[in-house]
Peer 1: 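Here it is, the structure in full.
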Number of protein chains: 2
Amino acid sequence: MVDSKTQDKRDDILDVAEKLFSEKGFEAISIREISKAAEINIAMVSYYFGSKEKLYEEVVNRKLISSEMIIKYIEQHETYTNKLFAIVDMFINKFFERRDFQNIIFREMAMNQRTGMAELITNRLHQNFSVIQDVIENGIKHKEFKKVDVELTVMTIIGVVKTYTTSCSIACRVLKIDDPEKVYDDKYKKRLKKHLKELLVTHLEIKL
Amino acid sequence: MVDSKTQDKRDDILDVAEKLFSEKGFEAISIREISKAAEINIAMVSYYFGSKEKLYEEVVNRKLISSEMIIKYIEQHETYTNKLFAIVDMFINKFFERRDFQNIIFREMAMNQRTGMAELITNRLHQNFSVIQDVIENGIKHKEFKKVDVELTVMTIIGVVKTYTTSCSIACRVLKIDDPEKVYDDKYKKRLKKHLKELLVTHLEIKL
DNA sequence: CAAATTTAATTAAACGTTTGTTTAATTTGC
DNA sequence: GCAAATTAAACAAACGTTTAATTAAATTTG
């Protein structure tokens, strides 16, 4: 069994690494910076994780949303409309609370480096996207939604949320927000949810 | 006056650097890699551009879309609907032909490093977004569009295109495309344009 | 117009840093 | 007293940049 105190230390390092990696990227952050921020010796990263790359893999792996989680989250809702709305809520919530992490994910997606890592992420993301796709497809089949380009509709949902959370400085300017931290206020979270749902209501011709 | 042969060499280096930076990011690419790919001596980068950072700045600067270009492109269209459609066409065209470059831009946006560079990009992007915003706002004012959340609608337009072009591997999986290069086929370009326009038509309640 | 001279382009080698990782010694907790 | 945790120091490799020497091109001169 893993010592709980040791686990805490590991988690500390993972948290710090996640924050730094997300801010500046994998290559731009040195083990020395991570060690300093986590207040540990440089050698401890190799000691705990083996290498910088393996540390990074663990950072990514531990926070990926599982499609099972999404399915469990939406299965309690009756109509496809409500399932879809639940997905919107969930995704925006997750993106807002894990905004640091999302930066890592989508930066990794935009590159073809570290192919193993990219493949892992692609697989997991695709699973998540498939859940959304299924809901929309079933909604169409049951005449709850109008026929649309399902795949691109999925990308639209992700695209809006992703752009909002990963291009914070642009969001600030567009929304005329003075303090970058306010971008993640509840006020704007609600506004984003409202916008995305209205967009889907008209696009899918949902009758409320 | 700058020698045209020298200018060609510079452009060669800029092209190679753009490709490599876009694939793996600024920090992950060394001057030695760039030199090798461009078939020049390592010292030539410093000689031509001063430093790696200044080379990067030039890579970014020379390909940013100017808002003047957008304005000129759309002013020939009469209705706000056609202006908006022209914007959609233009953005998708630009994103498709400059997909390498877009990776750089949005990676830079997601980070807060190199603050000077980020600020430059933010300013330029914001100008471009403002043009779209103006069109939508005026369309609403002239009753051509329904009242919507204009700012988030702008982010939606950008978000879809951006997600499509900068997450190629995900686009492949979602759209069931076997060869990554096909993602940028005309077929899919048309499909994306069609989807985005239909999305806007319903969202803004445009009567065609 | 060719030779001489100056300027620009290009090169290989070396520079000092910083990188990720390892080693071997020391401290800590049980 | 022993194993695990932690440390400081050292490692080779790679980094961006600079240097000083050489070649190529352009300009001036006789």
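Throughout, a chain's letter reflects where its sequence line sits, starting with A, and its residues are numbered from 1. The analysis underlying the following values was restricted to heavy atoms, covering all of them including side chains, and did not include hydrogens, waters or symmetry mates.
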Peer 1: Can you list every pair that meets salt bridge (Lys or Arg N to Asp or Glu O under 4.0 Å) and has a residue in residues 116-131 of chain B, with sequence neighbours left out?
Peer 2: none
Peer 1: Kindly state each residue pair satisfying ring pair (Phe, Tyr, Trp, His ring centres under 6.0 Å) with at least one member in residues 113-137 of chain B, sequence neighbours excluded.
Peer 2: none
Peer 1: Could you list, one pair per line, each protein nitrogen or oxygen that sits under 3.5 Å from a nitrogen or oxygen of nucleotides 23-28 of chain C, together with the distance?
Peer 2:
none

Peer 1: Need the bend value for the helix from dC1(C)-dG30(D) to dT19(C)-dA12(D): angle between end axes, 5 pairs each end, nearest 10°.
Peer 2: 10°
Peer 1: Run the salt bridge (Lys or Arg N to Asp or Glu O under 4.0 Å) test against E198(B) and tell me which residues pass, sequence neighbours left out.
Peer 2: K194(B)
Peer 1: With salt bridge (Lys or Arg N to Asp or Glu O under 4.0 Å) as the rule and sequence neighbours excluded, what pairs involving residues 29-39 of chain B come up?
Peer 2: none
Peer 1: Could you name each residue pair satisfying ring pair (Phe, Tyr, Trp, His ring centres under 6.0 Å) that touches residues 21-41 of chain B, not counting sequence neighbours?
Peer 2: F21(B)-F26(B), F21(B)-Y56(B), F26(B)-Y56(B)
Peer 1: Applying ring pair (Phe, Tyr, Trp, His ring centres under 6.0 Å), can you list everything that pairs with F96(B), at least two apart in sequence or on another chain?
Peer 2: Y164(B), Y184(B)
Peer 1: Can you run down the salt bridge (Lys or Arg N to Asp or Glu O under 4.0 Å) pairs that involve residues 90-103 of chain B, sequence neighbours left out, and say none if there aren't any?
Peer 2: K94(B)-E97(B), R99(B)-E181(B)
Peer 1: Could you pull out all residues at least two apart from T156(A) that satisfy side chain to side chain donor-acceptor pair (under 3.5 Å)?
Peer 2: H195(B)
Peer 1: Listed in order of residue number, which residues of residues 14-36 of chain B have a non-hydrogen atom at under 4.0 Å from DNA chain D?
Peer 2: I29(B), S30(B), I31(B), R32(B)
Peer 1: With rounding to the nearest 0.5 angstrom, report the CD to CD distance, E137(B) to E151(B).
Peer 2: 6.5 Å
Peer 1: Tell me, please, which residues at least two apart from F49(A) pass ring pair (Phe, Tyr, Trp, His ring centres under 6.0 Å).
Peer 2: none
